[in-house]
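One structure is given here, and the rest of the page talks about it.
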Amino acid sequence: MTDAPVKDMKDIVALCKRRGFIFQASEIYGGINGFWDYGPLGTELKNNLRDAWWRDMVLCPPIGPDGQPVEIVGLDSAIIQNPQVWVASGHVGGFSDPMVDCKETKKRYRADHLNVIKASDAQWVAVNEGNEQEEVEKRFKKLNIKYDASYATVSLVDVDLKDYSKIIGPDAKEAGSLTEPKAFNLLFETKIGAVASEDSTAYLRGETAQGIFINYKNILDSARVKVPFGIAQVGKAFRNEVNPRNFIFRSREFEQMEMEWFCPPEDAPQWFEFWKEERRKWWKSVGLSDNDVIFREHDADELVFYSKGTFDIEYRFPFTAPGYGELEGIAYRGNYDLTQHQEHSGTKMEYIDPMDNKNRYIPHVIEPAAGLTRGVLAILCEAYTVDPSRPSGVYMNFTPAMAPKKAAILPLTAKGEHPEIATKLYLELRQHFAIDLDIKQNIGKRYARQDEIGTPYCFTIDDETVENGTVTVRERNTMAQERIHLDKVLAFLQEKING
RNA sequence: GCGGGUGUAGCUUAAUGGUAAAGCACCUGCCUUCCAAGCAGGCUACGAGGGUUCGAUUCCCUUCACCCGCUCCA
């Protein structure tokens with residue numbers, strides 16, 4: 001725990017806009033709630049994070065617990081699939097939580113989390129599903145209604161609408177304050193074909209994971225993979241959030257980095273531990289500090305019914321502090337998804353062990369599912385550093401690998417040979433890295449600008465460069481300078497960025 | 001979805017029932033040999049839609065967006 005100054009979300013959002021990281025979507029039309037556009041620097045940053053994930057998951061994944069390299073292949077599935085996919089996954093129907101509001105107390109409840117106890121024909125009492133007997137009795141006492149354990153109890157979702165007037169809400173005093181349940185279907189609907197008709201409804205994917213499950217068979221048959229193996233995918237997902245909040249943290253369109261790890265059921269616990277450990281290491285490697293990241297095992301009552309364990313990696317965002325917000329969930333999903341798709345599609349999802357041809361099973365799945373856009377937000381928040389001692393007053397402390405610009409080339413003056421040498425160096429370096437060339441205005445302004453966008457190194461060309469071919473390297477965090485020869489600049493950057 | 005707040009330029013703030021001022025930033029030029037310096041010039045705003053009014057950025061209504069709290073987050 002450190003006493004670092006509290007970072008103000010307002011300032012971070014303002015810098016993101018000012019410098020071209022993230023803009024409100026459709027801003028010139030007054031915006032649109034829950035959507036964001038990534039500007040030039042935000043796009044670079046997001047790509048850097050995405051590429052690091054792809055490299056560390058697909059191209060160069062970790063060594064497994066048995067000392068062998070693990071095998072993970074990539075996928076890029078369609079955003080729109082046959083609507084049956086989402087029926088099988090449970091996103092259509094099962095997960096569209098009906099909500100009721102209480103007009104008296106202004107509270108909102110999930111209808112499937114409320115029970116109704118029929119004390120008499122005219123007096124029905126709604127209580128939270130999880131309430132103990134004791135709490136229920138207390139509630140009845142408060143309402144001055146006699147309690148009897150033999151009263152019929154039903155879930156609110158099974159109560160007829162015309163009986164709602166008899167129900168006293170869980171926190172209300174009077175009956176009839178609950179509104180009729182409203183279904184919140186979190187999936188975006190769209191119509192396929194130029195002419196919309198009743199049966200042309202399809203859905204934008206609510207997660208990238210289902211694209212992986214429905215391609216599991218294809219990949220098994222084509223990619224020469226053997227269980228255990230993984231399939232990884234990065235891409236957009238869409239959820240019709242009731243209430244988008246907190247900049248890009250909860251938005252209706254976002255980007256995920258998901259990997260499904262298929263393994264024999266008996267090995268699943270071992271792999272679960274393995275991926276928990278690997279993923280926590282990874283988030284550190286992209287620059288998130290130990291002080292602001294926690295790892296949280298879900299309690300049994302938080303788990304969805306098919307999950308045999310979920311482990312969250314969470315970051316202390318300025319808007320959640322002192323609490324945390326989720327970056328990645330590592331879930332042990334059993335064989336729920338493959339079984340669902342087997343049942344709904346009629347396609348066998350069994351894996352036959354090629355070693356003995358006898359051992360048949362539906363693989364179990366460990367799912368490390370990370371939010372790419374949430375990762376970007378965490379890195380932005382982490383990097384934002386207030387420093388009154390420098391002209392910009394603030395700098396972005398990105399790791400060199402995450403920084404949208406790796407270096408800036410700055411001729412000290414716009415005269416003589418300075419710009420010429422600078423341009424030559426720029427043309428060489430940009431073949432390897434994202435590089436800025438900035439000739440205009442005085443050097444102080446240019447350093448300040450680079451600080452605000454988090455460029456780790458500035459190379460400055462001056463008269464001495466003309467004389468002996470050396471440039472100054474200015475390091476972002478310390479503002480310290482050293483001279484190196486022009487010939488060494490590329491090697492210097494390669495060493496700093498690639499390690 | 002509920003309650004509260006906010007909305008004038010990229011940012012921070014003015015003024016006004018008669019269409020808006022400044023500082024910083026940004027751009028151009030000059031000048032500058034290392035941290036937003038100086039000089040000259042330039043661009044940019046009343047969130048949107050209605051209503052009242054001769055006239056609305058100002059008053060009223062609606063709406064949109066953002067912030068805080070509640071709710072929600074499979």
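Since the structure is predicted, the reported quantities are computational estimates derived from the model, not experimental observations. Here is how names work: the chains are called A, B, and so on, in the same order as the sequence lines, proteins then strands, and each is numbered from 1.
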Check: Within the structure, does a side-chain N or O atom of A:Q24 lie under 4.0 Å from either OP1 or OP2 of B:C66?
Finding: yes
query = Can you tell if the side chain of A:R374 reaches within under 4.5 Å of the side chain of A:Y315, non-hydrogen atoms only?
reply = no
Checking B:C34, B:C68, B:G1 against the side chain of A:N243 (C-beta onward), the nearest is B:G1
Considering residues, nucleotides and ligands other than A:E420, do more than 12 of their heavy atoms fall under 6.0 Å from its CD? no
Pairing partner of B:C70, by Watson-Crick or G-U wobble and under 3.5 Å for both distances, is B:G1
Against the side chain of A:N33, the closest entry in B:A65, B:G10, B:C27 is B:A65
Do A:R449 and A:E452 meet the salt-bridge criterion of a basic N to acidic O distance under 4.0 Å?
no
Testing B:C70, B:C35, B:A37 for proximity to the side chain of A:N442, the answer is B:A37
* Asked: Reckon A:Q450 touches a base, only the sugar-phosphate, or nothing at all at heavy-atom distances under 4.0 Å?
  -> nothing
note: A:D438, atom CG; B:A25, atom P; distance rounded to Å ~ 15 Å
Could you label the plane-to-plane angle of the A:F295 and A:F311 rings as parallel, tilted or perpendicular, counting under 30° as parallel and over 60° as perpendicular?
parallel
Base, sugar-phosphate, or nothing for A:R19, non-hydrogen atoms under 4.0 angstrom? base
Checking B:C34, B:C26, B:U32 against the side chain of A:A414 (C-beta onward), the nearest is B:U32
Heavy-atom nearest nucleotide on RNA chain B taken for A:A480 and for A:R374; more 5' hit belongs to A:A480
Of the listed B:C68, B:G29, B:A36, the closest approach to the A:N246 side chain comes from B:C68
Taking B:C66, B:C70, B:G10 as options, the one with an atom nearest any side-chain atom of A:W36 is B:C66
Against the side chain of A:L186, the closest entry in B:C2, B:A74, B:C35 is B:A74
Spell out yes or no: do the side chain of A:R245 and the base of B:C67 have one donor N/O and one acceptor N/O closer than 3.5 Å?
no
The nucleotide from B:A74, B:U32, B:C34 with an atom nearest the side chain of A:R483 is B:C34
*Tell me what A:R239 touches on the nucleic acid: a base, only sugar-phosphate, or nothing, going by heavy atoms under 4.0 Å.*
base
### Task
Report yes if a donor N or O on one partner sits less than 3.5 Å from an acceptor N or O on the other, where the partners are the side chain of A:Y29 and the base of B:C64; otherwise report no.
no
Q. B:C68 phosphate, OP1 or OP2: any side-chain N/O from A:K10 under 4.0 angstrom?
A. no
Does the side chain of A:T470 come under 3.5 Å of the side chain of A:N468 through a donor N or O and an acceptor N or O? yes
_Roughly how many Å apart are B:A36 and B:G41, using the P atom of each and rounding to a whole number?_
24 Å
Regarding the side chain of A:K445, the nearest nucleotide among B:A37, B:C35, B:C70 is B:A37
query: Counting just side-chain N and O atoms, does A:K17 come under 4.0 Å of either OP1 or OP2 of B:G10?
result: no
Of B:C34, B:C35, B:C27, the nucleotide closest to the side chain of A:R449 is B:C27
Re B:U63: Watson-Crick or G-U wobble partner, both distances kept under 3.5 Å, found to be B:G47
- Please determine, by modelled atom types, if A:T455 and A:K406 share a side-chain donor-acceptor pair under 3.5 angstrom. no
| query | Can a side chain N or O of A:Q441 be found less than 4.0 Å away from OP1 or OP2 on B:U32? | reply | no
pair_partner(B:G38), Watson-Crick or wobble, both distances < 3.5 Å, evaluates to B:C30
